[in-house]
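The figures here come from the full heavy-atom set of this structure, side chains too, leaving out hydrogens, waters and symmetry mates. Predicted model only: the values in this text are computed from it and were never measured.
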Amino acid sequence: MSAGSAEAAAAGAARESYLDVVHRLAAAQKPAARSAPAYSRYVNRRIGRYLAAWAYRAGLTPNAVTAISAVWTFAAIAILVVFPPSWWAGITVAVLLLVGYAFDSADGQVSRLTGLSSPAGEWLDHMVDATKVVTMPLALAVGFWLHGSAPTWWLLIPVAFSIVSSVLFFGMILTEQLRRQRGRASIAADAPGRPSWMRAIAVLPMDYGVLCLSFVLLGALPLFLVVYTLLFAATTAFLLLAAASWFRELRAPATPDQHLATDQRQSTEEGRS
């Protein structure tokens with residue numbers, strides 16, 4: 001988008017009321033991913049909508065919103081290292097992570113409002129996400145080791161969680177790109193007639209929002225260790241099942257319709273170059 005177009009968008013945002021922006025966002029909300037769990041789908045996206053409306057009227061760019069998300073998130077990760085487990089630390093970490101998660105949802109919504117979506121913005125968003133899913137469990141392990149908060153053997157759980165989270169994130173991004181190359185529907189597209197809310201509840205243990213909320217239990221450390229271990233086990237099981245499903249899907253030969261969709265997409269891209 002040119003500088004003049006950006007200025008025009010900013011002027012339009014100033015004239016549009018906050019509630020008008022919220023309603024416009026709700027009408028233009030893109031479909032949630034089929035695998036999106038309940039908190040991410042029904043709570044975080046709604047909070048992100050309100051934050052996106054505020055950011056839009058404040059004239060913030062999508063990349064600025066991504067930066068705000070990163071500040072909240074990595075402030076929480078720093079607390080995990082610096083301070084020993086306690087109720088105040090756990091609640092603070094949970095709040096910071098949840099606000100950061102909501103801004104992470106808001107940046108894409110701001111890009112749709114402003115028309116400032118770009119490959120660079122998508123790259124920045126994914127880089128921040130990739131960093132946080134690895135550093136959060138590692139920060140937990142380092143903090144627990146520094147403060148002697150948990151048995152040494154248990155520290156293997158967050159270390160393994162960082163590996164599982166990283167592989168799962170990479171697998172989802174790669175699968176999405178390969179699906180597009182084959183002309184298949186995006187992972188974000190819901191199957192017609194499928195009661196997606198049932199899946200959203202079923203995969204709740206893998207919800208990033210639930211992981212954020214679990215840190216509230218840092219004040220009751222034995223309970224936190226159990227809950228965190230269960231979340232790790234559930235995420236690992238989900239990764240194994242999802243990876244097998246993705247591999248079977250991508251190994252299957254593309255249909256003629258998918259070949260046609262791929263050819264059309266390539267022709268469109270060549271026409272734009």
What's the spacing between [X] [atom1] and [Y] [atom2] if we round to 0.5 Å?
| X | Y | atom1 | atom2 | answer |
| --- | --- | --- | --- | --- |
| Gln109 | Arg45 | CD | CZ | 7.0 Å |
| Thr235 | Asp207 | OG1 | CG | 10.0 Å |
| Leu155 | Trp145 | CG | CH2 | 9.5 Å |
| Thr236 | Ile157 | OG1 | CD1 | 8.5 Å |
| Leu231 | Phe238 | CG | CZ | 14.0 Å |
| Thr66 | Leu124 | OG1 | CG | 5.0 Å |

Next item on the list: Answer yes or no: are there more than 12 heavy-atom neighbours, outside Phe170 itself, under 6.0 Å from its atom CZ?
Entry: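 Atom CZ in Phe170 is not packed in, count stays at 12 or less.
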
Looking only at heavy atoms, what is the nearest atom pair of [X] and [Y], with distance?
| X | Y | answer |
| --- | --- | --- |
| Thr229 | Trp154 | OG1-NE1, 3.0 Å |
| Ser162 | Leu138 | OG-CD2, 3.6 Å |
| Val110 | Leu60 | CG1-O, 3.7 Å |
| Leu140 | Pro158 | CD2-CB, 4.3 Å |
| Leu97 | Thr73 | CD2-O, 3.9 Å |
| Phe144 | Ala150 | CD2-CB, 3.6 Å |

If we ignore hydrogens and angles and just use 3.5 Å, is the side chain of [X] paired with the main-chain N or O of [Y] as donor and acceptor?
| X | Y | value |
| --- | --- | --- |
| Ser245 | Ala242 | no |
| His126 | Ile173 | no |
| Asn44 | Ala102 | yes |

Does any part of the side chain of [Y], heavy atoms only, come nearer than 4.5 Å to the side chain of [X], both counted from C-beta?
| X | Y | result |
| --- | --- | --- |
| Asp125 | Asn63 | no |
| Val128 | Phe74 | yes |
| Arg251 | Phe247 | yes |
| Phe215 | Leu218 | yes |

Checklist line | Residues Ser69 and Tyr101: side-chain donor-acceptor under 3.5 angstrom | finding: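 Distance-only check fails for Ser69 and Tyr101.
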
Check: Cut-off 3.5 Å, side chains only: do Glu122 and Ser118 have a donor facing an acceptor?
Finding: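 Side-chain D/A pair, Glu122 to Ser118: absent.
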
Next item on the list: Determine, stepwise, if the pair Phe224 / Leu221 fulfils side chain to side chain contact (heavy atoms under 4.5 Å, CB included).
Entry: CA-CA 5 Å; Phe224 171 79; Leu221 192 56; 4.3 Å; yes

Checklist line | CA sep, side-chain torsions, deciding dist, call: Thr175, Met172, side chain to side chain contact (heavy atoms under 4.5 Å, CB included) | finding: CA-CA 5 Å; Thr175 302; Met172 293 175 66; 6.0 Å; no

Next item on the list: Take Val134 and Ser165 through the test side chain to side chain contact (heavy atoms under 4.5 Å, CB included) and record every step on the way to the result.
Entry: CA-CA 7 Å; Val134 173; Ser165 299; over 6 Å; no

For the hydrophobic clusters of this structure (ILVMFWY residues joined by side-chain heavy atoms under 4.5 Å, transitively), does one cluster hold both [X] and [Y]?
| X | Y | result |
| --- | --- | --- |
| Phe169 | Leu211 | no |
| Val133 | Met136 | no |
| Val159 | Leu168 | no |
| Leu223 | Ile91 | yes |
| Ile79 | Val82 | yes |

Check: What about the rings of Tyr208 and Tyr39, do their centers lie closer together than 6.0 Å?
Finding: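 Ring-ring flag for Tyr208/Tyr39: false, centres at least 6.0 Å apart.
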
Margin query: Closer than 4.0 angstrom, basic N to acidic O: yes or no for Asp104 and Lys132?
Written below: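 A salt bridge is present here (some side-chain N lies under 4.0 Å from a carboxylate O).
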
Note to self: Going by the rule ring pair (Phe, Tyr, Trp, His ring centres under 6.0 Å), which residues pair with Phe161 if we only count those two or more places apart in sequence or in a different chain?
What the structure shows: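 With neighbours one apart ignored, the set is Tyr228, Phe232.
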
